[in-house]
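Have a look at the structure below before the remarks.
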Protein chains: 2
Amino acid sequence: MKTRDKILLASLELFNERGERNVTTNHIAAHLAISPGNLYYHFRNKSDIIYEIFLEYEKLVDYYLDIPRDRPLTLEDLTFYLESVFDGLWSYRFFHRDLEYLLDSDPRLRKDYREFTNRCLAAISQIFEKMSEAGIIEPQPEDLRSAMSLNVWLVITNWMAFLKTAHAADEPASLSLTELKQGIYQVLTLEIPYLTPGYREQVMALREKYRPSLPEPTGTGV
Amino acid sequence: MKTRDKILLASLELFNERGERNVTTNHIAAHLAISPGNLYYHFRNKSDIIYEIFLEYEKLVDYYLDIPRDRPLTLEDLTFYLESVFDGLWSYRFFHRDLEYLLDSDPRLRKDYREFTNRCLAAISQIFEKMSEAGIIEPQPEDLRSAMSLNVWLVITNWMAFLKTAHAADEPASLSLTELKQGIYQVLTLEIPYLTPGYREQVMALREKYRPSLPEPTGTGV
DNA sequence: GTATTATTAGAGTATATACTCTAGGCAGTC
DNA sequence: GACTGCCTAGAGTATATACTCTAATAATAC
């Protein structure tokens with residue numbers, strides 16, 4: 001593997017583990033046992049590394065959220081979208097953690113991320129539309145659909161942050177992909193009232209699969 | 001005003017404006033035209049300052065979310081809760097921005113914040129319960145109510161972060177309290193399907209007041 | 001007034017961080 | 001073997017950051 005790619009991979013790994021704020025370029029170089037000079041030969045600065053990682057993330061999600069135009073949506077599609085999006089979120093989980101700071105320090109990233117958000121919102125909205133065409137949910141006015149899409153987006157992108165704050169610091173391996181996917185339970189909660197009688201039970205069963213195991217997802221602990 | 005209080009106030013102001021990460025103790029001291037030594041006479045470290053600000057925030061929200069036990073809830077109550085919570089969010093907006101980092105660097109804060117979250121979730125849940133008692137929304141099973149409360153919490157606490165990312169960097173005074181309160185529109189969106197026929201119109205009218213003025217709240221801009 | 005305590009200034013420090021610069025190695029090519 | 005272009009090492013730097021230390025000043029108590 002090329003040094004350049006190794007740097008991207010190691011950065012992503014360290015960022016995810018410790019948070020971008022706690023990972024310096026020197027850490028990354030040390031982790032790879034290469035010199036800082038070497039790292040800076042491949043990337044102009046830290047922002048550039050982050051930007052390239054974002055491009056990967058963007059590509060991945062765009063790929064997942066490619067909605068078929070030629071056929072109606074199925075429940076399997078819905079499951080796939082949800083699972084995929086949370087997988088992506090997990091793989092690039094450092095990103096949403098320090099989002100504001102990252103966007104403030106890189107105008108390119110800010111612009112791209114804004115467009116990315118808009119694409120995601122449009123995709124979510126489209127999924128709703130096709131779900132109603134498929135008779136899974138009741139049709140909704142445009143208005144409501146876009147407000148709901150936004151709520152879905154808010155829940156998805158912030159579920160992880162919530163989980164982290166809900167955890168006690170000393171809990172080992174304090175966040176797992178399984179836990180993260182309980183976010184799907186939360187997203188499906190948003191859709192419950194709109195389900196058609198024909199699909200209600202199936203979706204509720206799907207939702208049940210992601211129900212948090214603890215009585216309270218926040219884990220009062222004390 | 002005592003120096004100690006001035007430090008807290010200036011810190012909050014600077015944190016809100018520039019983000020905690022971009023504000024050093026030296027900045028705070030300089031802003032107040034006092035010496036770093038003076039600042040450290042009053043606070044052991046930066047974490048202590050943040051912790052005390054959190055205590056204020058906590059106190060404020062706890063005060064707002066004190067649910068009356070002796071009488072049913074009205075729509076005015078609901079409006080008050082929503083307005084107040086977003087006011088609080090606005091006044092201490094730096095806090096949710098760097099939340100994860102802050103919690104990671106101060107175990108005290110982590111513990112307190114977790115309990116705070118649980119109290120808020122309980123309050124939201126209670127509001128739902130009392131709203132159904134008052135006949136504003138249909139009664140819901142405990143299960144659904146707590147999942148919905150969590151969604152409300154996610155939307156509320158992350159609405160601001162979303163707004164900031166949706167903004168272009170160069171927009172002047174890039175975030176206003178008015179805009180922030182469009183979050184109320186999003187929260188009320190969550191409740192629409194559960195409204196009773198008797199209250200539906202009133203709540204929808206209330207929601208309408210907070211509707212974003214732009215066609216798309218994300219402001220494609222380009 | 002004097003003693004005591006609370007506050008303040010301001011220079012200073014250890015450490016970290018992002019990033020630079022120079023010198024050189026290594027692979028291929030003629 | 002020498003030239004070229006890509007890659008790498010590693011020492012080094014300017015700046016920032018959180019925080020300390022000492023001495024002086026104001027406030028208060030008696």
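Sequence lines set the chain letters: A, B, ... in the order given, protein chains first and strands last, and positions in each chain run from 1.
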**Report entry** Sequence-aligned protein contact record of nucleotides 23-28 of chain D, with B where the base is within under 4.0 Å of a protein heavy atom and S where only the sugar-phosphate is
**Finding:** ------

Listed in order of residue number, which residues of [range] have a non-hydrogen atom at under 4.0 Å from DNA chain C?
| range | result |
| --- | --- |
| residues 93-108 of chain B | none |
| residues 36-45 of chain A | A:Pro36, A:Gly37, A:Tyr40, A:Asn45 |
| residues 15-35 of chain A | A:Thr24, A:Thr25, A:Asn26 |

**Report entry** A:Ser125 side chain to A:Leu121 backbone, donor-acceptor under 3.5 Å
**Finding:** no

Query - For B:Asn16, side chain to side chain contact (heavy atoms under 4.5 Å, CB included) partners two or more places apart - result: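 Partners of B:Asn16 under the side chain to side chain contact (heavy atoms under 4.5 Å, CB included) test: B:Leu12, B:Arg93, B:Phe94.
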
Query raised in the report: Taking C-beta and beyond as the side chain, do B:Ile184 and B:Trp159 meet within less than 4.5 Å on heavy atoms?
Result: no

Query - CZ (A:Arg71) with more than 12 external heavy atoms under 6.0 Å - result: yes

Requested in this report: Identify the heavy atoms of A:Ser149 and A:Phe128 that sit nearest to each other, and give their distance.
Outcome: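 Shortest heavy-atom separation between A:Ser149 and A:Phe128 comes out as OG-CD1, 3.6 Å.
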
Requested in this report: Check salt bridge (Lys or Arg N to Asp or Glu O under 4.0 Å) between B:Asp112 and all other residues, then give those that pass, not counting sequence neighbours.
Outcome: none

Pairs touching [range] that satisfy salt bridge (Lys or Arg N to Asp or Glu O under 4.0 Å), sequence neighbours left out:
| range | answer |
| --- | --- |
| residues 3-12 of chain A | A:Arg4-A:Glu52 |
| residues 34-45 of chain B | B:Arg44-B:Asp48 |
| residues 10-33 of chain B | A:Glu20-B:Arg21, A:Arg21-B:Glu20, B:Glu20-B:Lys46 |

Report task. Check every nucleotide of DNA chain C for an atom under 4.0 Å from a heavy-atom of chain A, then give the first and the last such nucleotide from 5' to 3'. Result -> C:dT17 to C:dC21

Query raised in the report: Expressed in angstrom and rounded to an integer, what is the separation of A:Met1 atom CE from D:dC7 atom P?
Result: 16 Å

Report task. Sort out for me which residue in B:Tyr113, B:Phe15, B:Phe116 forms a ring pair (Phe, Tyr, Trp, His ring centres under 6.0 Å) with B:Phe95. Result ->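 Output: one option passes, namely B:Tyr113.
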
Query raised in the report: With sequence neighbours excluded, what pairs up with A:Tyr81 under the ring pair (Phe, Tyr, Trp, His ring centres under 6.0 Å) test?
Result: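 Result, ring pair (Phe, Tyr, Trp, His ring centres under 6.0 Å) vs A:Tyr81: none returned.
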
Could you pull out all donor-acceptor pairs under 3.5 Å where a side-chain atom in residues 30-40 of chain B meets a protein atom, sequence neighbours excluded?
| from | atom 1 | to | atom 2 | distance (Å) |
| --- | --- | --- | --- | --- |
| B:Ser35 | OG | B:Asn38 | N | 3.1 |
| B:Tyr40 | OH | B:Thr25 | OG1 | 3.1 |

Requested in this report: Might you work through the side-chain contact (heavy atoms from CB on, under 4.5 Å) test for A:Tyr101 and A:Ser105, ending with a clear yes or no?
Outcome: CA-CA 6 Å; A:Tyr101 176 82; A:Ser105 5; 3.6 Å; yes

Query raised in the report: So, do B:Phe86 and B:Tyr210 have ring centers that fall under 6.0 Å from each other?
Result: no

Requested in this report: Mind checking the CD1-CH2 spacing from A:Ile156 to A:Trp153? Nearest 0.5 Å is all I need.
Outcome: 7.5 Å

